[in-house]
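Working notes, beginning with the structure itself.
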Amino acid sequence: MSHLRGLCYTPPMRLADEQLAALKRGTAAITTMEDLARKLALGRPLRVKLGLDPSAPDIHLGHTVVLRKLRQFQDLGHEVVALIGDFTGRIGDPSGKSETRRQLTEEEVEANAATYRQQIFKILDPERTKIDFNSRWLAPLNFAEVCELASKVTLARMLERDDFATRFRENRPVHLHEFFYALMQGYDSVALRADVELGGTDQTFNLMMAREIQRDYGQEPEVAVITPLLEGTDGVQKMSKSLGNYIGIDEPPATMFGKVMSIPDSMIGRYFEVLTTVPLPRVEELLAGNPRDAKAALAQTIVTDYHGDAAAQAAADEFARVFSRRELPTDMPEVLLTKSGLSSVDLVLACGMAASRGEARRLIQQGGVSLDGERLTDPIGDVALRDGAVLQVGPRRFARLRVARG
RNA sequence: GGAGAGGUACCGAAGCGGCCAAACGGGACUGACUGUAAAUCAGUUGGCGCUCGCCUUCGGAGGUUCGAAUCCUCCCCUCUCCA
């Protein structure tokens, strides 16, 4: 649709209004709305920047919120620059985590950036995405230039950043180099002459700083389009790999589906808003019904984005089979056993379902282990093993046993 | 440079000579309940020997003691105040 835009004349203001309305969905803030309206009304493609920190090579749904917004800009005909912070990545971004992040080596940054590149194109249109690296202009800066940049900002201004202020107040370390992150990010905007920059709410400070720095360097400040941080599957903390509450976009369909189903019911609406394009009135309808069905619809929509219709349908069916109807999954790993006489503890261990004998014993004692649907209760005695028998540990771990004939 | 506070298991945080494998909370796991991997409730949560036992663990290295997460020495890291 957007590629047709050049062919038909649309009055600029009206176009701007339409764009603005669409762009507002799922944002936490736009600074400022007026600036954005005005820039959109210019009728030229805007240069939209997104900074990517290459320390997290696995993109999860939390990252996609801002990527989807970027894609929306692309579809509206704007020019997108995905800026990989290969230089800043080596400094370590203090944002989000309340502790200092370790610095990455050059090799790590390179490897991560490659992964990033490959993953963001699951959402962005590769044809209309320019990828850049900020080492291009940051690496050549000499110390005098760095000081000049640093002179634009005061300590008090830096401490306005909530994260810094909090850590400072709570007597936790704040390293000087962390201050440079915001400076560098602002300088990126100067180097790119960005009209708009996207970022999560954790980037608010950096985005505001970029506006000021652009002004200091004689440029018109970019518009900051701020997306919310998506809560993870626990529904409380922001989605992050280190918290283990994330849904990765590279994960298998069944895993993705299951993880979406594990979010608290209260999060369904929010996920719909920022992770899908399902019209909001339709979302309201779904939310009025059974939460399980709404969540299943959400899960299917999301899985479809990354794995296609067929895989999403299969994942939905599989979920219904295993969790609703308590049937066996269609696929499960096979485990080849060489001995036919094993205690149940050894069996669980042999299938890799427990990290230690103690854990295996515990699982059995808690009633979490069954063989062919029969709960195993005795950790010690040998269990009769049939070729093709199914071992289940907990609600969702299965293995088919293959007993070697000798 | 000086003075003081602190570094405990996945995370937060108690403990300050034996009753400490280490309270409590979170997380995770298991069960019950749910035609949701939601919510709620209960239990489990270092390793090895099937409830007594043994081994490894409380920033690091040594030492005191029958016995140390707990006391001493040195070192590393963080914070505060002073210079």
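Sequence lines set the chain letters: A, B, ... in the order given, protein chains first and strands last, and positions in each chain run from 1.
Taken from CG in A/Leu347 to CG in A/Leu376, the straight-line distance is 7.0 Å, to the nearest 0.5 Å. Here OG1 of A/Thr64 is found 8.0 Å from CE of A/Met239. Values are rounded to the nearest 0.5 Å.
Judged by Watson-Crick or G-U wobble contacts below 3.5 Å, the nucleotide B/G53 has B/C48 as its partner. Nucleotide B/C74 forms a pair with B/G60, judged by Watson-Crick or G-U wobble geometry with both contacts under 3.5 Å. Across the strands present, B/G12 finds its partner in B/C24; the criterion is a Watson-Crick or G-U wobble pair with both atom distances under 3.5 angstrom. Nucleotide B/U40: paired with B/A32 (Watson-Crick or G-U wobble, both distances less than 3.5 Å). Searching all strands for a Watson-Crick or G-U wobble partner of B/C19 with both distances below 3.5 Å returns nothing. Base pairing annotation: B/C81 forms a Watson-Crick or G-U wobble pair with B/G2, both donor-acceptor distances under 3.5 Å.
Straight-line distance from the CG atom of A/Asp293 to the C1' atom of B/A37: 16 Å, rounded to whole Å. A/Arg362 has its CZ atom 17 Å from the P atom of B/A28, to the nearest Å. Atom CG of A/Leu349 and atom P of B/G47 are 11 Å apart (whole Å). In this entry the distance linking CZ of A/Arg292 with P of B/U36 reads 6 Å, nearest Å. We find that NZ of A/Lys259 is positioned 17 Å from C1' of B/A38, with the value rounded to whole Å. Distance CD (A/Gln365) to C1' (B/A42): 17 Å, rounded to an integer number of Å. When rounded to the nearest whole Å, the span between CZ of A/Arg396 and P of B/A38 equals 8 Å. Nucleotide B/A38 holds its P atom 12 Å from the CD1 atom of A/Ile268, rounded to whole Å.
Listed pair A/Ser356 / B/C48 meets the phosphate criterion, a side-chain N or O lying under 4.0 Å from OP1 or OP2. Note on A/Arg361: every side-chain N or O is 4.0 Å or more away from OP1 and OP2 of B/U30.
Residue contacts for A/Ile380: at a heavy-atom cut-off of 4.0 Å it reaches a base atom on one of the strands shown. Across all strands, A/Ile263 comes closer than 4.0 Å only to sugar-phosphate atoms, never to a base (heavy-atom distances). At the heavy-atom level, A/Ala354 lies nowhere under 4.0 Å from the strands shown. Heavy atoms of A/Pro264 sit under 4.0 angstrom from primed sugar atoms or phosphate atoms, though from no base atom. Among the atoms of the strands shown, only primed sugar atoms or phosphate atoms (P, OP1, OP2) are found under 4.0 Å from some heavy atom of A/Gly394.
When each of B/C48, B/U36, B/G43 is scored by its nearest atom to the side-chain atoms of A/Lys295, the top-ranked nucleotide is B/U36. Of the listed nucleotides (B/U30, B/A37, B/A32), B/U30 has the atom at the smallest distance from the side chain of A/Pro395. Considering only the side chain of A/Pro291, B/U36 comes nearest among B/U36, B/G47, B/G31.
Between B/G7 and B/A14, the distance separating the two C1' atoms is 15 Å to the nearest Å. Atom name P, nucleotides B/U40 and B/U51: the rounded distance is 36 Å, in whole Å. B/C66 sits 16 Å from B/C71 when the C1' atoms are compared, rounded to a whole Å. Between B/U64 and B/G17, the two C1' atoms lie 11 Å apart (nearest whole Å). Taking atom C1' on both B/G62 and B/A13, the two are 29 Å apart, rounded to the nearest angstrom. Comparing the C1' positions of B/A68 and B/C58 gives a spacing of 11 Å, expressed to the nearest Å. B/C76 and B/G59: their C1' atoms are spaced 8 Å apart (whole Å). Of the C1' atoms belonging to B/G12 and B/G27, the separation is 11 Å, rounded to the nearest Å.
Within the cation-pi definition used here (under 6.0 Å to the ring centroid, within 45° of the axis), A/Arg136 does not qualify as a partner of A/Phe133.
With no hydrogens or angles considered, a side-chain donor-acceptor pair links A/Gln300 and A/Gln313 at under 3.5 Å. For the residue pair A/Gln119 and A/Asp250, a side-chain donor N or O sits within less than 3.5 Å of a side-chain acceptor on the partner. For the residue pair A/Asp188/A/Gln185, the side-chain donor-acceptor check at 3.5 Å is not satisfied.
Listed in residue order, the members of residues 319-333 of chain A having a heavy atom less than 4.0 Å from RNA chain B are A/Phe319, A/Phe323, A/Ser324, A/Arg325, A/Arg326.
Positionally, the nearest nucleotide of RNA chain B for A/Arg397 lies more toward the 5' end than for the other of A/Arg397 and A/Gly358. Nearer the 5' end of RNA chain B, as judged by each residue's closest nucleotide, is the contact made by A/Ser262, out of A/Asp378 and A/Ser262.
For A/Arg211 against A/Val223, the heavy-atom pair with the smallest separation is NH1-CA, 4.1 Å.
In this structure, the side chain of A/Thr27 engages the main chain of A/Lys24 through a donor-acceptor pair within 3.5 Å. Judged by distance alone, the side chain of A/His63 and the main-chain N or O of A/His60 form a donor-acceptor pair under 3.5 Å.
No salt bridge links A/Asp387 with A/Arg400; every basic N to acidic carboxylate O contact stays at or beyond 4.0 Å.
The base of B/G43 is paired with the side chain of A/Gln366 by a donor and an acceptor separated by under 3.5 Å.
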